[in-house]
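First listed ligand is number 1; within each ligand, the first listed atom is number 1. Heavy-atom basis, side chains included; hydrogens, waters and symmetry copies ignored.
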Amino acid sequence: MEERKVLFSAIQPSGILTIGNYLGALRNFKKLQNDYDSIFSVADLHTLTVRQDPAVLRKNVYELAALYLACGIDPQKSILFVQSHVSAHAELTWILNTICYPGELSRMTQFKEKSKSHEDNINMGLMDYPVLMASDILLYQTDIVPVGADQKQHLELSRDIAIRFNNRFGDVFKVPDGYIPKTAARVMSLQEPSKKMSKSDANFNAFISMDDDPDTVRRKFKRAVTDSDNRIIFSEDKPGISNLLTIYSAVCDKTIEDAEKEFENCGYGDFKSKVGDAVAAVIEPIRQEKNKLLASKDYLDYVLKDGAYKAEKIAYKTLFKVYKKVGLVPRKR
Ligand code: TRP
């Protein structure tokens with residue numbers, strides 16, 4: 001039998017996830033887990049690189065685990081675990097740090113951006129973020145990593161680190177490939193459609209959270225910024241309408257052309273309420289399922305415990321190879 005390829009992905013438990021996260025990542029995981037040996041992680045150690053309220057972080061870890069499951073991650077098919085439950089991630093980061101350089105890490109776009117937005121807390125972890133991410137990926141001999149455009153640079157660095165280590169110490173790591181799903185939609189702000197939709201937008205009407213109830217979803221779409229002509233077509237000079245068409249076609253699994261046709265003789269008001277309905281219809285069952293799961297903490301704990309156990313077995317195999325290659329003496333059992 002042909003061996004299946006390994007897929008690894010992680011999301012930070014940093015609070016709200018938007019419909020953009022869903023359409024760009026979460027939605028695809030359900031299908032991907034049938035084709036790959038899939039490993040999904042709650043990247044809690046990454047989240048510590050910006051200041052967190054400990055109680056809120058604890059809650060967000062469960063929220064994200066429940067959301068993964070509600071979006072169709074099946075713990076019988078995939079491994080779902082919390083990053084900090086597998087200490088190999090922190091351990092490999094230490095080793096990889098010894099072959100990474102401040103120059104290459106301080107050049108990362110995300111580091112530069114976060115240094116600006118968190119001026120009062122430019123900590124070592126923030127700079128080391130991509131090395132921890134490389135550890136996540138390389139521990140599992142990952143073949144493919146589904147990533148959004150904003151993480152491409154980090155994935156590129158992971159590949160460089162793998163190649164560098166292999167050249168210096170001998171082959172240990174598989175060099176991973178990025179994977180940008182064909183169906184990944186780029187979702188823009190509902191209020192300023194030239195900007196990417198962001199959960200940290202101060203204007204709540206600019207994004208759709210996976211926690212929004214149907215009324216909120218519909219209201220936000222009603223308030224979405226459009227333009228003054230009245231044609232529902234996808235076009236560069238109509239960023240608002242184009243964004244709504246993108247969202248609609250993504251949630252309904254239709255092409256943009258089909259969506260354009262469907263709304264050919266439709267007014268903006270009607271169009272917006274149809275988009276709102278369609279999005280609410282996708283989000284609401286997930287939200288309900290997530291809340292149901294959150295009410296059964298024992299089940300979530302069980303899934304995460306089992307996931308950590310399975311992840312650990314794979315991760316430690318790689319970590320011990322690394323320790324051996326660099327010359328650390330194995331602990332006798
Ligand atoms: N940095 C990723 C993000 O913010 C999350 C992440 C952490 C990740 N470790 C990863 C993604 C490993 C892919 C692979 O989106």
| note | ligand 1 atoms nearer than 4.0 angstrom to some heavy atom of Ile137 are 12 (C), 14 (C)

| request: Considering the heavy atoms of Gln12, write down every atom of ligand 1 situated less than 4.0 Å from one of them. | output: 4 (O)

| query | Counting only heavy atoms, which portion of His46 has something under 4.0 Å from ligand 1: side chain, backbone, both, or neither? | reply | side chain

| said: Check this for me, if you would: do Asp74 and Lys30 make a salt bridge, where the nitrogen-to-carboxylate-oxygen distance has to be below 4.0 angstrom? | reply: no

| Is it true that Arg218 and Asp215 make a salt bridge, defined as a side-chain N closer than 4.0 Å to a carboxylate O? | yes

Can you tell me which residue and heavy atom of the protein come closest to [atom], and the distance to 0.1 Å?
| atom | answer |
| --- | --- |
| atom 13 (C) of ligand 1 | Val145 CG1, 3.6 Å |
| atom 1 (N) of ligand 1 | Tyr129 OH, 2.6 Å |
| atom 15 (O) of ligand 1 | Gln151 CG, 3.6 Å |

| Nearest candidate to atom 10 (C) of ligand 1, where distance is taken over non-hydrogen atoms, out of Ala10, Gly148, Pro130, Ser41 | Ala10

| remark: Separation between OG1 (Thr49) and NZ (Lys114), nearest 0.5 Å, reads 5.0 Å

| field | Derivation of the salt bridge (charged side-chain N to carboxylate O under 4.0 Å, His left out) call for Asp143 and Lys174 | value | CA-CA 7 Å; Asp143 292 283; Lys174 188 168 269 172; 3.3 Å; yes

| Purely on distance, is any nitrogen or oxygen of Asp136 under 3.5 Å from one on ligand 1? | yes

| message | Which residue is it: Val172, Leu138, Leu328? I am looking for the one with a side-chain contact (heavy atoms from CB on, under 4.5 Å) to Val322. | response | Val172

| query | Can Thr246 and Asn243 be counted as having a side-chain donor-acceptor contact under 3.5 angstrom? | reply | no

